[in-house]
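We use all heavy atoms of the structure for the numbers below, so side chains are in, but hydrogens, waters and symmetry mates are not.
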Amino acid sequence: MDKIDELLTRGVANIIPGKAELAKVLRSGKKLNVYLGIDPTATHIHLGHAVPLRKLQQFVELGHHVTFLIGDFTALVGDTSDKTSERPRLSKLQIEENFKTYKQQAEKILDFSRVTVRYNSEWLKKLGATNFIDLAYHFSLNDFISRELIKKRLESGGSVKLPEVLYPLLQGYDSLNLDTDVQVGGTDQTFNMQAGRTLLKDVKNKESFVITNGFLTGTDGRKMSKSWGDAIWLDDSPNDMYGKVMSIKDELIPEYFLLATKLPISNFQSLISNSSPMQAKKQLAHQIVLELHSQPAADAAQAHFESTVQAGELPTEVPEISVKSKNIVDVLVESGLASSKSEAKRLIDQKGVRVDNKAVSTMNYELSTSNSIVSVGSRKFIKIK
RNA sequence: GCCAGGAUGGUGGAGCGGUCAAUCACACCAGACUGUAAAUCUGGCGCCUUACGGCUACGUAGGUUCGAAUCCUACUCCUGGCACCA
């Protein structure tokens with residue numbers, strides 16, 4: 001399996017119009033214009049978001065011309081499928097701030113020095129009503145209302161706002177302006193990306209491709225999502241990240257190797273079949289931390305996991321804190337181990353609090369010696385100075 | 001503008017005058033168990049109090065009542081429908 005094969009298969013849900021066609025173009029050696037669009041309201045990236053970024057990076061490595069498109073204009077219109085939150089109108093400054101934050105995380109995966117960053121307001125701002133109507137002639141309402149989501153809402157008497165219908169049009173115009181050969185995105189973007197194909201074909205008589213990637217399963221077994229609290233974030237600390245990976249179900253190990261690391265497929269296949277789930281998962285967690293942080297961080301996170309979680313020992317580095325109080329309840333609150341006195345008492349009640357590894361059984365407990373280690377549960381430790 | 005429906009804890013969503021700090025589910029926390037921070041089971045999950053109990057909360061502001069998340073009025077914001085547009 002060479003790089004092109006890997007690009008065509010790894011984490012890929014669908015290729016439109018087809019894999020064979022794209023393979024042919026890739027093999028021809030032609031440099032392609034590839035792009036991924038993002039919504040500038042998003043600033044925090046998790047491993048699921050990272051899947052299309054990895055795909056983009058594969059294109060970069062093959063020497064294609066990759067554009068990272070920031071949907072600053074379309075953000076104003078809003079992809080209204082998400083109806084719960086009112087979309088704030090972002091100022092140019094905010095958008096740039098957001099992107100800065102985004103980039104800090106994204107560059108762990110995507111090499112921005114070999115990527116062109118652009119904003120779609122560049123051309124959308126200039127698009128007048130006349131041109132806009134012209135664009136609209138390339139589409140029919142039938143296509144839009146046959147979409148599953150839209151159809152359901154219409155059938156149940158819900159309303160579909162016009163901008164929702166117009167949104168794909170703008171996205172298609174992006175493709176046209178970037179003279180796109182390949183668009184990358186999640187399967188949820190299939191329809192919007194198709195609009196680009198339509199325009200390119202109609203206007204420029206150009207055949208283009210769409211690659212959609214699958215979704216990564218979150219730590220709770222559902223799709224990894226910001227709102228479900230089951231995400232592993234690119235900026236999670238090494239220990240957190242390692243731990244979160246260790247908490248996934250064993251069955252997900254191959255999926256994670258495939259979608260969340262860049263380890264060659266053959267490498268991890270043999271690894272999985274030759275080791276116990278526990279070992280394989282530790283390898284996986286190590287690899288993920290290594291890629292997103294560093295080798296030493298990954299080693300340290302693994303050591304931390306082995307000693308703290310597996311052997312139940314104290315972590316090597318315990319944050320030190322000085323507190324005014326001696327009483328255990330106050331200490332817990334002051335150190336932040338508990339958010340309120342009520343919670344602190346609850347924790348003590350439930351035998352969740354230990355001082356120097358001995359469970360605290362009374363609220364009146366006073367810390368006697370300095371340098372005591374206070375712990376809550378099995379993973380929160382603090383050393384009291 | 002008119003009509004109808006709605007706004008409850010981190011989320012979804014009950015409750016429709018007292019027994020509501022608010023059913024339930026999810027998320028979260030602790031305990032047990034485990035190769036694991038998985039699964040499963042147990043307990044917990046506003047704040048203050050060792051406890052008895054107290055306090056603040058159900059969009060905002062008032063009112064009715066011995067008593068309101070529950071009834072009334074106004075306002076704000078959402079969601080539909082209808083109308084109007086020189």
(request) Provide the distance between the two P atoms, one in B:rA7 and one in B:rG59, to the nearest whole Å. (result) 8 Å
(message) By the definition side chain to side chain contact (heavy atoms under 4.5 Å, CB included), identify the one residue from A:Thr67, A:Ile211, A:Val184 that meets it with A:Leu56.
(response) A:Val184
(message) Under 4.0 Å, heavy atoms only, any strand: does A:Gly377 hit a base, just the sugar-phosphate, or nothing?
(response) sugar-phosphate
(request) Give me the one residue out of A:Glu306, A:Gln302, A:Gln287 that meets side chain to side chain donor-acceptor pair (under 3.5 Å) with A:Lys282. (result) A:Glu306
(request) Would you please name every residue forming a side-chain hydrogen bond (donor to acceptor under 3.5 Å, both in side chains) with A:Asn33, sequence neighbours left out? (result) A:His65
(message) Applying salt bridge (charged side-chain N to carboxylate O under 4.0 Å, His left out), can you list everything that pairs with A:Glu366, at least two apart in sequence or on another chain?
(response) none
(message) Checking base pairs now: Watson-Crick or wobble, both atom distances under 3.5 Å. What partners B:rU76?
(response) B:rA7
(request) Would you mind reading off the distance between A:Ile348 atom CD1 and B:rC29 atom P, rounded to a whole angstrom? (result) 19 Å
Do any side-chain atoms of residues 346-355 of chain A form donor-acceptor pairs under 3.5 angstrom with protein atoms, and if so which ones, sequence neighbours left out?
{"from": "A:Arg354", "atom 1": "NH1", "to": "A:Asn357", "atom 2": "OD1", "distance (Å)": "3.3"}
{"from": "A:Arg354", "atom 1": "NH2", "to": "A:Gly377", "atom 2": "O", "distance (Å)": "2.2"}

(request) For B:rA69 versus B:rA61, give the span between their P atoms, rounded off to a whole number of Å. (result) 14 Å
(request) Identify, between A:Lys380 and A:Phe305, the residue whose nearest nucleotide on RNA chain B lies closer to the 5' end. (result) A:Lys380
(message) Checking base pairs now: Watson-Crick or wobble, both atom distances under 3.5 Å. What partners B:rU56?
(response) none
(message) Nearest whole Å is fine: how far is B:rC52 P from A:Met363 CE?
(response) 12 Å
(request) Using atom CG of A:Asp349 as one end and atom C1' of B:rG43 as the other, report the distance to the nearest whole Å. (result) 10 Å
(message) Taking only the C1' atom of each, what is the distance from B:rG9 to B:rC45 in whole angstrom?
(response) 10 Å
(request) Quote, to the nearest angstrom, the P distance that separates B:rU76 from B:rC84. (result) 25 Å
(request) In whole angstrom, give me the gap between the C1' atoms of B:rU40 and B:rU49. (result) 36 Å
(message) Suppose we define a pair by two distances each less than 3.5 Å, Watson-Crick or G-U wobble; what does B:rC82 pair with here?
(response) B:rG1
(message) Can you measure A:Met246 atom CE to B:rU34 atom P for me and round it to whole angstrom units?
(response) 17 Å
(message) Please determine whether a side-chain nitrogen of the Lys or Arg among A:Glu61 and A:Lys262 lies less than 4.0 Å from a carboxylate oxygen of the Asp or Glu.
(response) no
(message) Tell me which nucleotide, if any, is Watson-Crick or G-U wobble paired with B:rC71 when both distances must be under 3.5 Å.
(response) B:rG63
(message) To check you understand the geometry: which heavy-atom pair defines the closest contact between A:Gln57 and A:Asp111, and what is its length?
(response) OE1-N, 2.8 Å
(message) Using atom C1' in both nucleotides, what's the gap between B:rA14 and B:rA37 to the nearest angstrom?
(response) 33 Å
Using a cutoff of under 3.5 Å, can you pull out all pairs of nitrogen or oxygen atoms linking the protein to nucleotides 44-47 of chain B, with atom names and distances?
{"from": "B:rG44", "atom 1": "O4'", "to": "A:Gln350", "atom 2": "OE1", "distance (Å)": "3.3"}
{"from": "B:rC47", "atom 1": "OP1", "to": "A:Ser340", "atom 2": "OG", "distance (Å)": "2.9"}
{"from": "B:rC47", "atom 1": "OP2", "to": "A:Arg346", "atom 2": "NH2", "distance (Å)": "3.1"}

(message) Do the side chains of A:Lys31 and A:Asp181 get close enough for a salt bridge, i.e. N-O under 4.0 angstrom?
(response) no
(request) Could you give the distance separating B:rC78 and B:rC26 at their P atoms, to the nearest angstrom? (result) 33 Å
(request) Any pair with a residue in residues 350-376 of chain A that passes ring-ring contact (aromatic ring centres under 6.0 Å, His included), sequence neighbours left out, goes on the list, sorted by first then second residue, please. (result) none
(request) Mind calculating the distance between CD (A:Gln302) and P (B:rA37) to the nearest angstrom? (result) 15 Å
(request) Can you tell me the distance, in whole Å, between the NZ atom of A:Lys358 and the P atom of B:rG31? (result) 18 Å
(message) Give the residues of residues 279-291 of chain A touching RNA chain B, defined as any heavy atom closer than 4.0 Å, sorted by residue number.
(response) A:Lys281
(request) Quote, to the nearest angstrom, the C1' distance that separates B:rA22 from B:rU73. (result) 26 Å
(request) With the side chain counted from C-beta on, respond yes when A:Lys380 and A:Val374 share a heavy-atom pair under 4.5 Å apart, and no when they do not. (result) no
(message) Pick the closest RNA chain B nucleotide for A:Asn364 and for A:Val353 by heavy atoms, then say which residue is nearer the 5' end.
(response) A:Val353
(request) Take the protein atom CG of A:Asn327 and the nucleotide atom P of B:rU49, then report the distance between them rounded to whole Å. (result) 10 Å
(message) Output the rounded distance in Å from CE (A:Met278) to P (B:rA37).
(response) 8 Å
(message) Both distances below 3.5 Å, Watson-Crick or wobble geometry, any strand: find the nucleotide opposite B:rC28.
(response) B:rG44
(message) Do A:Leu332 and A:Val360 sit in one hydrophobic cluster, given that two such residues count as connected whenever their side-chain heavy atoms are within less than 4.5 Å of each other, even indirectly?
(response) yes
